Structure formats: C-alpha cells, structure tokens
Amino acid sequence: MSGPYVIRGSVSLPEAELMWRFSRSSGPGGQHVNTSDSQVELRFDLGRTEALPPVWKERALERLAGRLVDGVVAVRASEHRSQWRNRETAAVRLASLLAEASAPPPRPRRATRIPRGINERRLREKKQRGDVKKGRTGRDWG
C-alpha cells in the first residue's frame, strides 16, 4: 500500500482495521480475468473503530446508515486489471467516503431581507416590460 490513507487532518485509516477480500473481476483483462482475483472489496468496521474521534464517528454512522451492515461499511473496486491498483482505488474511495460522511454540517443560512430599493426596481422593470408587450398588440391598428 502507498501509506496511510488520510481522512482529514491527522486522522487516517488504520491498516489493522481494514478487511480485504479479493475475487474474480468481470472487468477488462481478457483471459487474464479468468485466472486472477483482481476485484477488491474493502470493509471497515465503523461501529467498533477507535480511530475516529467520537463526534466524527457518530456523524458517519448517522449519514452512512443506509450503507452499513452491522456497523461495517464496504467499498468495492474492479476498474483496473491490477489487484494492486484496485486496492489503491478502494482505499482512496473509502477514505473520501468517510471524510465526506464525518464532515461537519454546513453553517445554516442566515435569513436576510431583500432591500426595498431592489424590490421597487424589480417591480418598475416588470411594469416597463409589461407595457412594451402591451404595445405590441394590434388592437388600434384597424
């Protein structure tokens, strides 16, 4: 592996808690596909891990609830012919998934009023546009 996969800041995926599974891939590779286990499934026990700060873990468990099976999140990669590259892809995908799931919620939008001048200008322009369109009717052409 190419080192620790950083989730955010100094927090990274612990290698000891990653569970790897390999199987035959249906992707590119010709006859090579039939003989090598290049598809990678990476599993991470989010429910039991101590690697994430408690607040992040709680957020991730809540946001990934639909993807979890008994507290375990799984990521699969089979895009490449090489098992090594698929391992890299799966680990990076898991790290980014956990980073996104454990990110703090966005700051709530503070409601602001539309300034009176802007609203009046909008209504004035709307009235002018209506007058232009009204002038196109053929009522007094006859």
Side-chain angles (χ1 to χ4, degrees), residues 1-140:
M1 304 289 345
S2 69
Y5 293 96
V6 177
I7 295 174
R8 196 172 337 107
S10 62
V11 179
S12 61
L13 287 173
E15 190 67 39
E17 293 185 24
L18 299 178
M19 296 168 278
W20 299 93
R21 213 175 96 203
F22 308 100
S23 59
R24 294 203 176 129
S25 176
S26 62
Q31 293 176 347
H32 175 73
V33 159
N34 302 328
T35 60
S36 65
D37 293 339
S38 61
Q39 178 173 284
V40 173
E41 183 180 324
L42 175 58
R43 299 164 61 80
F44 181 68
D45 196 344
L46 189 57
R48 292 196 187 128
T49 188
E50 296 299 323
L52 297 176
V55 177
W56 290 17
K57 183 176 169 181
E58 190 177 311
R59 261 190 234 135
L61 283 169
E62 184 181 317
R63 290 181 184 164
L64 296 175
R67 284 190 70 144
L68 298 177
V69 178
D70 297 329
V72 176
V73 65
V75 174
R76 191 174 277 173
S78 63
E79 294 84 43
H80 307 289
R81 290 177 60 166
S82 157
Q83 184 188 100
W84 184 261
R85 287 178 64 192
N86 281 333
R87 283 176 66 123
E88 293 286 321
T89 303
V92 168
R93 199 175 289 165
L94 179 65
S96 66
L97 179 72
L98 289 174
E100 189 177 315
S102 64
R107 290 176 56 179
R109 181 186 175 279
R110 197 171 50 161
T112 57
R113 278 185 51 233
I114 298 172
R116 198 167 98 209
I118 290 176
N119 204 27
E120 288 174 355
R121 185 181 72 202
R122 180 184 66 86
L123 293 173
R124 191 172 52 249
E125 289 172 357
K126 208 171 147 95
K127 179 72 176 153
Q128 287 173 352
R129 185 75 180 141
D131 291 342
V132 166
K133 289 185 173 189
K134 198 177 282 182
R136 292 181 188 153
T137 60
R139 279 187 294 192
D140 21 316

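Reckoned from all heavy atoms, side chains included, excluding hydrogens, waters and symmetry mates. Note that the structure is a prediction, hence the values are computed from the model and not measured.
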Note to self: Just so I know, are the side chains of L42 and W20 near enough to count as touching, which here means a heavy-atom distance under 4.5 Å?
What the structure shows: yes
Notebook entry, point to check: With a 4.5 Å heavy-atom cut-off, do Q83 and V40 have their side chains touching?
Noted result: yes
Checklist line | Pairwise side-chain contact, E58 with V55, heavy-atom cut-off 4.5 Å (strictly under) | finding: no
Item checked: Side chain proximity check, L97 to L64, heavy atoms < 4.5 angstrom -> yes
Check: Can you name the closest pair of heavy atoms from V75 and R67 and give their distance?
Finding: CG2-NH2, 4.2 Å
Next item on the list: Could you check if a side-chain atom of K133 sits within less than 4.5 angstrom of a side-chain atom of R136, using non-hydrogen atoms only?
Entry: yes
Notebook entry, point to check: Which heavy atom in D70 sits nearest to a heavy atom in D45, and how many Å separate them?
Noted result: O-OD1, 4.4 Å
Check: Between S102 and R8, which heavy-atom pair has the shortest distance, and what is it?
Finding: OG-NH2, 2.9 Å
Item checked: From CG (L98) to CZ (F44), nearest 0.5 Å -> 6.0 Å
Item checked: Other residues, nucleotides, ligands: >12 heavy atoms within 6.0 Å of I114 CD1 -> no
Checklist line | Atom pair CD (E15) and CD (E17), whose distance is rounded to the nearest 0.5 Å | finding: 10.5 Å
Indicate every side-chain donor-acceptor pair of residues 89-96 with a distance under 3.5 Å to a residue at least two apart or in another chain.
unit_1: T89; atom_1: OG1; unit_2: H80; atom_2: NE2; d: 3.2
unit_1: T89; atom_1: OG1; unit_2: R85; atom_2: O; d: 2.8
unit_1: R93; atom_1: NH1; unit_2: R76; atom_2: O; d: 2.6
unit_1: R93; atom_1: NH2; unit_2: E79; atom_2: OE1; d: 3.0
unit_1: R93; atom_1: NH2; unit_2: E79; atom_2: OE2; d: 3.3
unit_1: S96; atom_1: OG; unit_2: V92; atom_2: O; d: 3.3
unit_1: S96; atom_1: OG; unit_2: R93; atom_2: O; d: 3.0

Check: Near R21 CZ, under 6.0 Å, is it more than 12 heavy atoms from other residues, nucleotides or ligands?
Finding: no
Check: Does the side chain of R116 come under 3.5 Å of the side chain of N119 through a donor N or O and an acceptor N or O?
Finding: no
Check: Which pair of non-hydrogen atoms, one from E41 and one from A74, has the smallest distance, and what is that distance?
Finding: OE2-CB, 4.0 Å
Margin query: Give me the atom names and distance for the closest heavy-atom approach of A60 to L46.
Written below: CB-CD2, 3.9 Å
Check: Got R63 and P105 here, is their nearest side-chain heavy-atom distance under 4.5 Å?
Finding: yes
